[in-house]
Each structure stands twice: as C-alpha cells, then as structure tokens.
Amino acid sequence: MTDKLILPSTSEEQSNVSTTGYEYSIGPKQSLPNEANSPYIPSKLYSESLVYKKQQVALSSMAFLFKEMISQIYNNSKSSSEFESKLLNYGSSIGLRLLELLNIRASVPSNTYSRSSTFLSSNASNPSSSNNVNSISNTSNPNSTNLNDISNATNVGINSSTNINDKNYESSESLASLVSHMRCRDLKIIDILQFMHGTVWTYLFGSPSNDLVKSSERENEYMIVDHEHMLTQFISNNNSCDYFVCGIIQGFLTKADFPCTVTPHSNNENGIDGGVIYLIKFDKQVLERENLRYGS
Amino acid sequence: MAIQSLLVINKSGGLIYHRNFDNDSKNNSLNSNDYLILASTLHSVFAIASQLTPKAIQINQNNVNNPNNLDYKIPYIPYVGMSTGNGSDNYNSRNGGDGYSRNDSTNSTNSSNKNSKLNKLGSFKGDDYFKEPFVSWNKSGLRQLSTDQFTMFIYQTMTGLKFLAISSSVVPHSQGISDNTQVPSTIEKSSNLQVQIADNFLRKVYCIYSDYVMKDPFYSLEMPIKSELFDRKVKQMVDNLL
Amino acid sequence: MAIYSFWIFDKHCNCIFNREWTLAADTNSGTMNSKQNEETAKLLYGMIYSLRSITQKLSKGSNTNDVRSISTGKYRVHTYCTASGLWLVLLTDFKQQSYSQVLQYIYSHIYVKYVSHNLLSPQDFADNESEMRGQGIRKITNKKFLQSLEAFLVPMINN
C-alpha cells in the first residue's frame, strides 16, 4: 500500500491562486487607486438626511456579533450573577442614551421626513469642487494666497473651510431648527411605559412589543412581552442572555427618573416558544411619587 | 419520503447529533457507542469512496470539453419540509406542522402575524430557506447507500460537516435483463428525484444548524449539539416531509 | 460509458477477478486481473465490508439487510453477495438504478457454469493458510469464463 494519506474532509476545489502578494507572471501592480485621476465624489454619507434613518443590517451578522459579545463577557465572569450584571450594564449604557435621542426624534414633526438632505447637493454634481473651495477662500480671504508662512496659510485655510461649511449648513437643515415644540417629558409610569413599548421597541426591533401588562398582584410590577426576542431567538436552554435587553430597559427608565430593576422570564409552555417577558419592578419611591402627584 | 433518523458528523469524524424519528419500539436500537462507531466508519468510508473513482472517469475529466461530464448542480425542489400549502413532492404529502405555523400560513393577510411570519425561518427571510438551484459540494465522496430496508443519504458541506439522513424508502430492483437497452425511465427518474429531495432537505437542515447552533454562544465548536430549538425545528421539518 | 469495471471477491477477502474498461470506444481496452489494481481492490473490499456491517447493525427485525448499491458523486457500485461468501461488484454510471439482475445472471450462468461446475478449476482460490486473510493472488483465468463474461458485459458498456 502506498503511504499516501486519504484526506477525509477537504473541499473539492482548493484554489491556489492568491489574491494578494506579488505574482511573477503578471508583474507589479498598483494596489491603491490613483487618487489624482479619479473625480472628487463626496461621500454619500453627507447627502443622507439627518432625520430619516432606516438602515438595515443582516440578522445573521447581528446575531454573530451578539454571540461573540456574550462569549467574551461569559469568559471574563466568574459567576453567572456577575455575567448577568455585566450584561445588564452593557445594556444600560445603551438605554440611557436612547432616552435623549428618541425624545428629540419624537419631537420632530413627521412631515419633515425626507430621504435626502440638501447639504452638499450643489457641490455633488461639480467634479472640481475642490477648485470651488479654493476660489471661495480666495474671495473671502485675499491675503491668504500671498502668505508664505505654512502654519499661517493652513490656519487660514481651515478657517475658510469652516466658513464655507457653516454657510452650506445654514442653507440646508438643522435638526434643532425643525423642532418647534419639544415633546413633554413623561411623568406618569404608564406614559413612559407606553413610550417604551411603542417607540423604543420600534427603534430597536422594528415593531412594537407584543404586550404591555400590569401585574395584578403587586403595585410596582409591570411586564413587557416580546414574542420575537430578536437578539436571543437562536439561544436555547438559557435566558440569561436576555439581560442585555433588560439592561436597555433599565437604563432608559432609570435615566428618565423611574429607578427600577428589570429581569427576564421565558414564556415557554409545553415546549412552545412563547417569547420573553421582561418584568419591570419600580422602586418604592416611584410609586410614592406617582401617588402624590396623581393620587387615586 | 419518511426520514427514520438524522445524524450530523463533524469534520473530524465525531458524531455531534443523532436523532431517531420513527417511534417503533420494535427497532432493536443501538446504543450511543454503536452510533459513534457508525459515524466514524462512515466518515472514513466517505473518504475512501473518493479514491475509488474508476480510471475511465479520471481520463474523461482531463478532457474539459467532454459533454458527458457530470453536472453537480442540484435543482431547487420547492417547499421540501415546509408547512405552506402544497407540501414537498409527488409522494402524497400532507400539510403537516404544528398548529402555530399552520395558522400563520392561512392568516397571511393578518398584519399582526406578519412579524411572527418573518421570523418563522430564523434569519432567513421569505417562505423558504433558499429558492435557487445549488452546486453540490460532495463531488466524489459517498452520497447514497441503498440497502434492502433503507436508503441513506449523505450531504457534505463546504466546511467538512456531514449530514446523514436514513430514510425508509427503498430503491426497487430493476426489471429483466432484456430491458437493458430501454432503461425503465420512471424508476431512474424517481431515484434521481429522491437524491435531489434528500439534498434539498439536508441543505435546509444545514440552514437550521447555521441558525440555532452556530449562533448559540454556549455551544463549543465540534462538540455534541444540545440545542432545544434545533431539535424542535428539525422535528418540524421531518414531520412536514411525511 | 455505462460500465467501468467488474470485480469478484471471495470469502477470504481476496480479489479473484477484476476487469476494468477505460475507453468507451475500444471495448478491448482496459485491464484484466492486473497487479496495479491490487490497492484499489483492497479499498473497494474494505468499503463494501464496512458498509455491509453498518447496514446489518441498522437492520430491523429478522429480515437480513444487504447492501444493494453505493453511490458517490461520480459513479455507482452495485454489489451482489451470495450465500457462499462470494461478492460480485460492478462499478457503473448513473443511468441505471439497479444491476441486480445482471449480477445474478453473471453468477448463475457464468460463474457457476464455468467455475463451480468445472472439475479442474479450484473452488477455493486460497491454497494455504497464508492466503486466507487477504493475501491471495490467485485469479480466475478460465478462458470460457472470460469469453462468456466479455460477451455478456461488453454490449452494455456503451448504453
């Protein structure tokens, strides 16, 4: 018998062609595009509206990223409660930022939702807009071109460019200018929870949560039910990964002055996946304040 | 096509998943050690099979323009193992699945179900895992083993993972020798179709694997699969195939 | 090309006959009982043996389970195992589903007629103890056997 090894699991095509590196049959090739020749196209990012933001990311990519984050935290924690509290903190830092962002977005009147902004739109079609910038700087600061001192020239250059930016920015839109009347801060428990169930959930997961329930046994307990727990839908046998979303809820509510603790519970009956229930327990002081303000 | 059992073998030949779907207690079932041995034997035989390619094929392969070269493209067979409407193939399949998924397919206009419908296939949008024909990655390894009592299909992925399905359907014997020139085309077509259905089905099991096993942070690679959601989805698919 | 090769194994794990066709155009091409095919013979025997033991383990009830065909992406192996431990193996393409009738015919009308009923041909191709565990090299060289086998199989090669 020959000594040739029979490899069990190799894929059929083994490409020997390397895409990087020097290939002697082809010779040296340019790896970077020639920047002098290509036309100046400003990034598409500048023409996207600040108001309208509908971006989609593949669920698989998000799930893998989330999975890796969980693995990292899990490996760095010594106990499961430490793992859960770390995950909660990660979520909290998202939640408290969401409060400000979603409130100002909710304050913008809905008829201004447009797909693209006008910023840089006049320059976008002009291939030599860099020349444009130079000519504007010449007219606004005529002495700059005569100076030989490099630092001085660059300083003036920077100033002139910021002047241009301000001019263009004013002529298009600013988010603050669109807001005529800021949304009122939610003071009642039910209001902030409705905001959470509707707006926050739609921002995070694309649609409002399935149910918002007040517990009949205890005054300070409320529940948000989510059937399609998007981030953790692929994780079985374990619901401690839901502490991440619990952290988002907790951070949001705590920053809005409703201190609480949030815990996840799975809604599985007889093996049928019923989703996750986030149990929100408000602190005693919240209930007292609620009674004082809106006493029944 | 009734699936009796499903096995998943990792790229080193170890058995990482095994499930029996027939509930007959008549089957003197092997214990787990036997299945481990079975998996590693199949893994090695799979490799050996690629070494036994006859010389005639090897000679023909070097001639690229040969029109007889085998086409490794597997056509897409709609709705194999899915619970929507038609079912899978010519073998009278009922509209199976549990009550939850059936409600979703009939209430398609109900917008409140729309979100749950989107997530029905995990990270795959639409009503089926894939809709196009695909190229088989298993060109020279073992693909099908037909015996008197069952047929075994093997699907190998590009990463060396093997999915095995043992089905109770049996390949029939051919007619007399005199019919050699007139190939009984119905038998040939049906067996070809069987392999294609099996490949479609096992590719969907691979899609379910990529969702519920790969995205689980508590699963370590190449280890036995202990995911309840994976079990559930696979059982749904096998039930829909009956 | 429909048929690629034909092999016979006996109960001592020896290959006692093999015939391989390489060119579709020339039916006299290929090898017969060549020494180069020894490794292939051992691999083929091993593969069929392992798969047979797997199927017997997985068999239900008292019915014996036997391998009928093994397919890969490129070729198909048909086996016919007799009660005396003889295996007749045919490597073909995918055009036909089952060659069991063909193999049965070869066994009953060609092997039995020209080898078993032949008083001068050895029945057990292993001479001594050392050849009983796969090291045997004796092959069927019976002319009538070879002739009738060629006559029977060659028309099927280019189906």
Side-chain angles (χ1 to χ4, degrees), chain B residues 4-5 22 24 26-28 30 34 37-38 41-42 44-46 48-61 68 70 72 136 138-152 166 168 170-177 179-181 183-184 187-188 190-192 195, chain C residues 1-5 20-24 29-31 36-37 39-40 43-44 46-61 63-78 91-102 104-105 152 155-157 159:
Chain B
Q4 279 178 354
S5 34
D22 61 342
D24 299 337
K26 288 186 288 185
N27 183 17
N28 47 338
L30 316 173
D34 286 335
I37 297 175
L38 193 134
T41 316
L42 274 166
S44 38
V45 168
F46 182 95
I48 293 176
S50 61
Q51 296 290 314
L52 287 171
T53 317
K55 284 206 194 78
I57 298 185
Q58 289 169 358
I59 293 173
N60 278 341
Q61 271 196 317
N68 290 339
L70 294 160
Y72 295 109
S136 163
N138 187 359
K139 293 194 170 81
S140 53
L142 190 64
R143 249 182 118 189
Q144 179 188 0
L145 169 67
S146 322
T147 72
D148 292 333
Q149 287 177 5
F150 61 81
T151 315
M152 184 192 287
I166 301 181
S168 49
V170 177
V171 163
H173 282 299
S174 64
Q175 323 287 344
I177 321 164
D179 301 19
N180 271 345
T181 48
V183 176
I187 296 182
E188 183 49 40
S190 76
S191 87
N192 213 12
V195 176
Chain C
M1 195 167 152
I3 297 186
Y4 300 119
S5 52
E20 185 160 10
W21 290 276
T22 45
L23 293 171
S29 71
T31 61
Q36 284 177 334
N37 283 345
E39 286 169 28
T40 321
L43 284 177
L44 188 61
M47 178 169 94
I48 297 176
Y49 180 80
S50 319
L51 291 176
R52 255 188 116 218
S53 61
I54 287 174
T55 48
Q56 273 157 8
K57 266 199 208 147
L58 285 173
S59 66
K60 278 191 246 190
N63 301 340
T64 51
N65 203 3
D66 211 355
V67 175
R68 284 189 195 163
S69 73
I70 302 165
S71 319
T72 72
K74 296 185 175 161
Y75 60 91
R76 189 170 278 164
V77 178
H78 302 265
L91 266 75
T92 70
D93 69 354
F94 297 108
K95 289 204 195 91
Q96 207 167 336
Q97 187 52 28
S98 164
Y99 276 83
S100 60
Q101 300 286 342
V102 170
Q104 262 184 358
Y105 181 85
F152 180 65
M156 288 189 228
I157 293 179
N159 258 355

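Just so you know, these numbers come straight off a predicted model, no measurement behind them. A note on names: the letters A, B, ... follow the listed sequences, proteins ahead of strands, and every chain is numbered from 1.
- Shortest non-hydrogen contact noted between B:Leu52 and C:Leu91 is O-CD2, 4.0 Å.
- Atoms OH and OG1, on C:Tyr4 and B:Thr53 in that order, are 10.0 Å from each other to the nearest 0.5 Å.
- Atom-to-atom distance recorded for B:Leu145:CG and C:Ser71:OG is 8.5 Å, nearest 0.5 angstrom.
- For the atom pair CZ of B:Arg143 and CZ of C:Arg76, the computed distance is 9.5 Å after rounding to the nearest 0.5 Å.
- Annotation: the span from C:Thr55 atom OG1 to B:Ile166 atom CD1 amounts to 10.5 Å, rounded to 0.5 Å.
- Side-chain contact between C:Phe94 and B:Asn192: absent, with no pair of heavy atoms (C-beta onward) separated by less than 4.5 Å.
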Derivation and outcome, side-chain contact (heavy atoms from CB on, under 4.5 Å), residues C:Arg68 and B:Val170: CA-CA 10 Å; C:Arg68 284 189 195 163; B:Val170 177; 3.3 Å; yes

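- Residue C:Glu20 comes nearest to B:Lys55 through the heavy atom pair OE2-N, 3.2 Å, listed as atom of the first residue, atom of the second, then distance.
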Pair C:Leu51-B:Met152, side-chain contact (heavy atoms from CB on, under 4.5 Å): steps then yes or no: CA-CA 11 Å; C:Leu51 291 176; B:Met152 184 192 287; over 6 Å; no

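- Both the backbone and the side chain of C:Ile70 come within contact range of chain B, with heavy atoms under 4.5 Å apart.
- Interatomic distance, B:Asn138 CG to C:Lys74 NZ, rounded to the nearest 0.5 Å: 10.5 Å.
- Using a 4.5 Å cut-off between heavy atoms, B:Ser136 does not touch chain C at all.
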Stepwise side-chain contact (heavy atoms from CB on, under 4.5 Å) check, C:Ile54 with B:Val45: CA-CA 11 Å; C:Ile54 287 174; B:Val45 168; 5.7 Å; no

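- No side-chain donor-acceptor contact under 3.5 Å links C:Thr72 and B:Ser140.
- The minimum heavy-atom distance linking C:Asn65 with B:Gln149 is given by the pair OD1-N, 3.0 Å.
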